[in-house]
2 protein chains.
Amino acid sequence: MKKKWVYRFGGGSAEGSGKDRNLLGGKGADLAEMARLGFPVPPGFTLTTEVCTEFYASSKHYPEGLEQEVEAAMAHLGEQMGRRFGDEKRPLLVSVRSGARVSMPGMMDTVLNLGLNDQTVAGLAAETDPRFAYDSYRRFIQMYASVVLGLPHENFEAMLADVKAQRGVKLDTGLSSSDLVKLTEMYRAEVERATGKPFPSDVRQQLFGAMSAVFGSWMNARAMTYRRLHHISADWGTAVNIQAMVFGNRGNTSATGVAFTRSPSTGDRSIYGEYLVNAQGEDVVAGIRTPQPITRAAKDLMGTKLPSLEEAMPEVYASLATNLAALEKHYRDMQDVEFTCEEGKLWLLQTRRGKRTARAALKIAVDMVEEGLIRQEEAVLRIEPASLDQLLHPSLDPKAEKKLLAVGLPASPGAASGAIVFSSDEAVEASEAGRQVILVRIETSAEDIAGMNAAAGILTTRGGMTSHAAVVARGMGRACVAGLGSLHVDELQQTIEHGGLTLKAGDLITLDGSTGEVFQGAVPTVKAELSAEFRELMGWADRWRRMSVRANAETPEDTETARRFGAEGIGLCRTEHMFFQADRIVIMREMILADDERARRAALAKLLPLQRADFVQLFEIMSGFPVTVRLLDPPLHEFLPQTDAEILEVAKSAGIDPDSLRRRAQELHETNPMLGHRGCRLGITFPEIYEMQARAIFEAAVAVRRKTAKAVHPEVMIPLVALENELELMADLVERVAREVESESGIEVEYRLGTMIELPRAALRAGALAKRAAFFSFGTNDLTQTAMGLSRDDASKFLPAYTERGVLADDPFMTLDREGVGELIRIALERGRETRPTIELGICGEHGGDPRSIDFCQRVGLDYVSCSPYRVPIARLAAAQAALRPVKPV
Amino acid sequence: MKKKWVYRFGGGSAEGSGKDRNLLGGKGADLAEMARLGFPVPPGFTLTTEVCTEFYASSKHYPEGLEQEVEAAMAHLGEQMGRRFGDEKRPLLVSVRSGARVSMPGMMDTVLNLGLNDQTVAGLAAETDPRFAYDSYRRFIQMYASVVLGLPHENFEAMLADVKAQRGVKLDTGLSSSDLVKLTEMYRAEVERATGKPFPSDVRQQLFGAMSAVFGSWMNARAMTYRRLHHISADWGTAVNIQAMVFGNRGNTSATGVAFTRSPSTGDRSIYGEYLVNAQGEDVVAGIRTPQPITRAAKDLMGTKLPSLEEAMPEVYASLATNLAALEKHYRDMQDVEFTCEEGKLWLLQTRRGKRTARAALKIAVDMVEEGLIRQEEAVLRIEPASLDQLLHPSLDPKAEKKLLAVGLPASPGAASGAIVFSSDEAVEASEAGRQVILVRIETSAEDIAGMNAAAGILTTRGGMTSHAAVVARGMGRACVAGLGSLHVDELQQTIEHGGLTLKAGDLITLDGSTGEVFQGAVPTVKAELSAEFRELMGWADRWRRMSVRANAETPEDTETARRFGAEGIGLCRTEHMFFQADRIVIMREMILADDERARRAALAKLLPLQRADFVQLFEIMSGFPVTVRLLDPPLHEFLPQTDAEILEVAKSAGIDPDSLRRRAQELHETNPMLGHRGCRLGITFPEIYEMQARAIFEAAVAVRRKTAKAVHPEVMIPLVALENELELMADLVERVAREVESESGIEVEYRLGTMIELPRAALRAGALAKRAAFFSFGTNDLTQTAMGLSRDDASKFLPAYTERGVLADDPFMTLDREGVGELIRIALERGRETRPTIELGICGEHGGDPRSIDFCQRVGLDYVSCSPYRVPIARLAAAQAALRPVKPV
């Protein structure tokens, strides 16, 4: 069968419809849909994506029959409009726009007002008015020169600015028709100068030039990189839409604008938007003229004197309002609509789903359920989980003036202002004195926990989105900007320097952890407030969710926060965090410096009651929910001071020899600490450490059982297992301690023992590990590091180049690498379940709070995700969405 | 069917045979075999391994019927010997020995002379002579007390020494029968004191006590650790052998000894061994009396005056010689035989395969083929590949006196003496001045290459068997002892200190890289010489080999060595090694310090001709064979000086600012360099580096083609690929350069492009990678590091504890972890071949030179292994053996 290359639309009917996105592209399908439904869409036609495919399959030649189809469609279009393409009296002008199957922002090429040349412009001038005709002509030449001929935009802008300056006018509308005639001559001369050829006056040549430019843009470097990143096949191709022009620049009864069916900022049920009289679309964006509000109510709210569309053109407004209501009802979502009014007649150029703030999204979704427009499940699916972050953290006052200093990585959301401090101790002191501070570090380590907790925000120059600073800040709900490499920190001089500007300790700065921006001075912030809509929607989400959501937490505060946000247990309690408080780190160091097991045991005996008391609190707060406790994981050197100054200070305050401290630190130094003496390797070389921790867990369980009469079921988790024998030995040790505590207390000690799966070998050997492990918790941070051979502390140096060159679409530490790390999870899950069908499977890496990764977890069949307390609501929503989405094979 | 628990042997027949190792254990099966064949074996019987299994299955109770079977067998044994167990006149004495299916050295419990008490010893004394009877009695009590009752051996040794001292004699044979009577009384009193119970006089109780002790030893901690390490199932159990005693201590016509059918040291065809008159087996081992040679020829050779067995007991000798010849013929291998002569009658107690030196092994194998005793394939299978190392490197003169200083890891074989130096520069200077030196470093880095090459040996205090020092030393064939953590190196004072002894720069030390020993002073060494047998056997090996063997090499010297040892190409040319020579590192640093791409390209342009010249040499030496060139792999900071002193020196000599050098080094610092900015990540961020390298390769290929008219087919290898897009981009880059060089030179440029598989993700995504990769080379060093999450630079701190506690059987950096890393190889191979059935698969990690890992490579179906030049013969032999072994599923 002969293929049909061109699909027409307009005049209340269309050859395609909204379902034909693959063939007509997104824009073409939407235009067809609107036309079918009788919305006032300028008529036109779409060249299908198959034309694009053929074009590339045959060395950029158009398929047979295409030219004839285009000619026929143009003739038909002219008839509809009462005009003719290239006609010297009543010329038909068209727009030419790309439109791929999925939106590819930044590569949409558009040419407007096509069909003008010296003859047709004269006819248009005679028929309408010369100012309008030449205004359209200069717009056309500039756009065509840029999009089709590849000349820099700036040259033309400069000529326009020159002419305006000569005429002493500020706005384009101030130019007369003769100014515009002169400008079109200058433009054409520039084109001839730059290309060596005159500007094409043949309108057919113009049309095919524009079409080829749009099809050609499908294979430019930018588009190819974009497609590689978004797994879009080059075979898909783009469509081209050719549509009759309607003119908002045809005098003062014409206008152009953008309208939202509801407020994109608050979600309120009122039309929101702006328009310009006597203008074309790009003028609204250019920002030279001030756009006017659409409604009278908005005008009053903004306090502007400019007349609203409702006042200035009441009939057009009434027609717009009717159309907007109908579009919203048809599309069942808030719409963002481009419209043009030509001499009092309203035309719709585009409709699409309107972008909105998180607050608006929640209100719109909940309102629409109440209005009976959508179902609860749809409402749940419509909220972007990550957007909830905006609601959980303070944000910058959008009205405040800001002085941008630099931009780093948006490592932990929220906004915070404070005075610069350079050490954890200063942060604690200042906080105790009631001062708000921002802790600035090259990178943070476990020792900085207290300072990070005391600070309002954290700024680091090294490390990525999953660096220590980022992970801890997210857990604590502190704002954090990380990896700001261009900022020079001089800890000795107590200064920071960026782009020639130097700030010193005590100077005020403001962080926006949601964008990575750092501002000079204190920018006012707006407090987070959880709306009734938030609670309503989260309730619906929980109804549809299959996976449970736990939190990564170890302090009572974090655990309380997690419960408040709806966490159903602790999925990861990092016991080492409990050792960094001032009273404990001293004992911890005593243990590390001990010469033999006896001395180590003496120090551990002092830690036991402290750790037991911690667990008692956690078990009480999480009463009835599981608490997964990971035994000591980091290498011991993390507990020792690193720099000479710190060593001296610690040695002095602890009354020990600095040399022996230094020697021990050197002994413990590792080339690749991520792959070093940590995790269960500590438990095997120093079993007394894990013994103490197991005892603290079981004694705490017994104490809570005694106090509350409720059984506590802790889950003991062995970290960094690579070998079956490691788990075997550690499981034996834990079981022995459990039986000891049981016989000492006379109270039954129940627990489950499991392992982290955070090394590729553990994933591959999951079948053997499941013999002893009642649960697996995927530690996807370390699993990503080892599977990809990628240090998360160092990757920030080259990952930007990777994204730029299209090697990687996402930061694999933020969004799970499904094909690599995900494959290991699939293997582990399959092999683990084969040995033990009831094995409990969860994820506790940073990915546990990432919506796309949560979707993957749902699809492979995990039982729970665990994330930092402040991400619990996001995870709940994402898990609900994952459960609601159709199941596709992963 | 009722199980049979006891199998008898002796008197020319046996119920079992050599094939019943699973049921009778190794020792029991060999005794049955010898008995069947008519060798003079003392009769006895074996309790099967099934008794052991039943024993543990029923809480250490013997199965029903066992006691009766034992009683019957003992009665039968008595009849054969004309004696009766427990008889007061002619008592039967027996030995009780363990014997598992596979040899488990160090856990074999043995009790001799069992059946003696105050009554039977009197009978035996009356029947034979009192001295012999009480000598046997005291031996029995001591052994029983130690093995069955668990009393320390030393207490009894001390009493024996006391009595000898009182009597003023040096040897046991100097004690009279009354001395021995007194000793047995003392021994029994000691047993009663220590256990609270008299020494058991009931011979039945003695027998079952000894049996239970042997079965009990199967589950002791030592045995369990050993089994966990060697994957031996506890279900296998051990057998127990009960055998009539024959006595070498029955006066001067009795003797005991050990004989080899050929020389275990040279392989010469003459009996070799030693014996003692009037003694039991343990006296030969104890070393108090000097054993005498077996043959007259050996006596002459040793220059001893002690009479040989051939002279002293010519008939016994003749019988022994006949038996030895028959045993060798039956077992078709050189045998190590224990014998006892009781009053002129020869008994064989045990025969087993004789251990031998590499030199002897080669000679014996080649001789036996010539003698028609074995086939060539068998000869090939009999040589332990690792033992060839002894033949390829100088070794310590076995006769030299040595003063052991310390023992580290045997990181690179061979022996070397020299003066201590602490820096690479000093090593080079000394070497140029003709002095032999040992380079002592805490750890080596790429900068030390020149010094390592100049030194006779390398000693480091950090790092394991696959540390930089170890790998490079093996490649160069230098002796190396690594990871000697107990040695304190003071580079400032230029001293080393160990156990209180301090040596300074210039002092002489000697390394034995095959054992890890370090000696004070210069120990004479023996040069390596390749025998005719070596060449003969390697020829046979090559005939049976399927996989090819390549070398890891980049210098002309190493490449020549590799060819000489039979390498069939280069499997890994680490181009970075080419950048460390003095003239190049300067340019390399210039490139690293460059501010922009232009400056980097300028520096690279200077490196191009140097690197091209390197490749020209390699291609010429390896003419006709493939040369796989890996593009730059290590992180750039490895090329910069690290310490402050080095920075100052480099900055001064290069005329650059030390601060900018320091700043750049700091910028490049990485937390986990193994997982950092290296491999193809460099190629993606600095494509100009890989462009230069690709150009150098292709221009060299063109130059060699012009010169020799032979086509060169280089293999270009991209390192550290994790993502499909990485390979895609780098393959495009290499292909572009190839076409450029082709069009510039007018000569066709052919090459193959492939990738290292050294990250788990690459293994999992092999199917996608094979679209661009014509070959995979498994980089098992990094694959082991990432799959197990184990840094080879740091693991030496805890791996010893892992081996000790039975967590790991082998160092995974020496012998491939089949279950984890091997699984990744299997997955990659399967997925890679699915995409590209002809894909070439090899291994280039350190495992490529390890025989057990080579066996794995053969089984999974790799095409080649690549190893350091000095391991090429080992790999050739191991590959031949792997091909000759029966195929088992892996």
Side-chain angles (χ1 to χ4, degrees), chain A residues 228 443 462-463 485 635 667-679 681-682 684-685 720 722-726 728-729 758-765 768 782-795 797-798 801-802 805-808 812 817 819-821 823-824 827, chain B residues 228 443 462-463 485 635 667-679 681-682 684-685 720 722-726 728-729 758-765 768 782-795 797-798 801-802 805-808 812 817 819-821 823-824 827:
Chain A
R228 185 158 53 211
E443 57 195 338
R462 265 200 209 137
E667 272 172 24
L668 290 174
H669 169 81
E670 293 183 311
T671 310
N672 294 294
M674 197 266 126
L675 310 173
H677 194 177
R678 47 171 291 234
R681 297 163 191 173
L682 293 170
I684 285 170
T685 46
L720 210 74
L723 304 157
E724 299 85 298
N725 283 337
E726 289 172 329
E728 195 72 29
L729 277 179
E758 50 187 335
L759 298 176
R761 193 185 196 281
L764 295 168
R765 299 295 299 157
D782 281 359
L783 198 56
T784 300
Q785 295 200 84
T786 46
M788 306 184 79
L790 200 61
S791 164
R792 68 178 187 183
D793 297 312
D794 304 309
K797 281 178 195 157
F798 53 89
Y802 267 51
R805 300 201 60 185
V807 181
L808 261 181
D817 159 39
E819 295 181 326
V821 178
E823 172 78 351
L824 286 171
I827 290 173
Chain B
R228 185 159 53 214
E443 56 196 338
R462 267 202 207 134
E667 272 171 25
L668 290 174
H669 169 83
E670 293 183 310
T671 310
N672 295 294
M674 197 264 126
L675 308 173
H677 194 176
R678 47 171 290 234
R681 296 161 191 175
L682 293 171
I684 285 170
T685 47
L720 211 75
L723 303 158
E724 298 86 300
N725 283 338
E726 289 172 330
E728 195 72 28
L729 277 179
E758 51 187 335
L759 298 176
R761 194 186 195 280
L764 296 168
R765 299 295 299 157
D782 281 358
L783 198 56
T784 301
Q785 294 199 86
T786 47
M788 305 184 80
L790 201 61
S791 164
R792 69 178 187 186
D793 297 311
D794 304 310
K797 281 177 194 159
F798 53 87
Y802 267 51
R805 301 202 58 188
V807 181
L808 260 181
D817 159 38
E819 295 182 327
V821 179
E823 172 78 352
L824 285 171
I827 289 174

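All chains are named by letter (A, B, ...) in the order of the sequence lines, taking the proteins before the strands, and each is independently numbered beginning at 1. Small disclaimer: the values here were computed from a predicted structure and weren't measured.
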Given that the side chain runs from C-beta out, which part of [X] has a heavy atom under 4.5 Å from chain A: side chain, backbone, both or neither?
X: B/Leu668; value: backbone
X: B/Asp817; value: side chain
X: B/Glu667; value: backbone
X: B/Arg678; value: neither
X: B/Leu790; value: both
X: B/Arg805; value: both
X: B/Ile684; value: both

Look at [options] and state which one has the largest set of heavy-atom pairs under 4.5 Å with chain B.
options: A/Asn725, A/Leu808, A/Leu729; value: A/Asn725
options: A/Ala795, A/Ala763, A/Ala722, A/Gly789; value: A/Gly789
options: A/Leu759, A/Ile827, A/Asp782; value: A/Leu759
options: A/Glu758, A/Glu670, A/Glu724, A/Glu728; value: A/Glu670

By salt bridge (charged side-chain N to carboxylate O under 4.0 Å, His left out) - contacts of B/Arg681 (at least two apart):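 Here no residue qualifies.
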Separation of A/His669 NE2 from B/Lys797 NZ (nearest 0.5 Å): 7.5 Å
Lys/Arg-Asp/Glu bridge criterion (N-O < 4.0 Å) met for B/Arg761, A/Glu823: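 Here B/Arg761 does not pair with A/Glu823 in a salt bridge, since their nearest N and O are not under 4.0 Å apart.
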Top contributor to chain A interface from B/Gly820, B/Gly806, B/Ser791 [non-hydrogen pairs under 4.5 Å]: B/Ser791
Most chain A-contacting option - heavy-atom pairs closer than 4.5 Å, from B/Leu824, B/Leu720, B/Leu764: B/Leu764
A/Leu723 vs B/Met788 side-chain heavy atoms within contact, under 4.5 Å: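 Result yes, sub-4.5 Å side-chain heavy-atom pair found.
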Short side-chain to backbone donor-acceptor contact, A/Asn672 and B/Asp793, under 3.5 Å: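 Not a single qualifying donor-acceptor pair exists.
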Which atom of B/Pro760 lies closest to which atom of A/Pro760, heavy atoms considered: CG-CG, 3.5 Å
Shortest non-hydrogen separation from A/Ala801 to B/Thr685 and the atoms involved: CB-CG2, 3.7 Å
Given A/Leu675, A/Asp794, A/Thr671, the one that forms side-chain contact (heavy atoms from CB on, under 4.5 Å) with B/Met674: A/Leu675
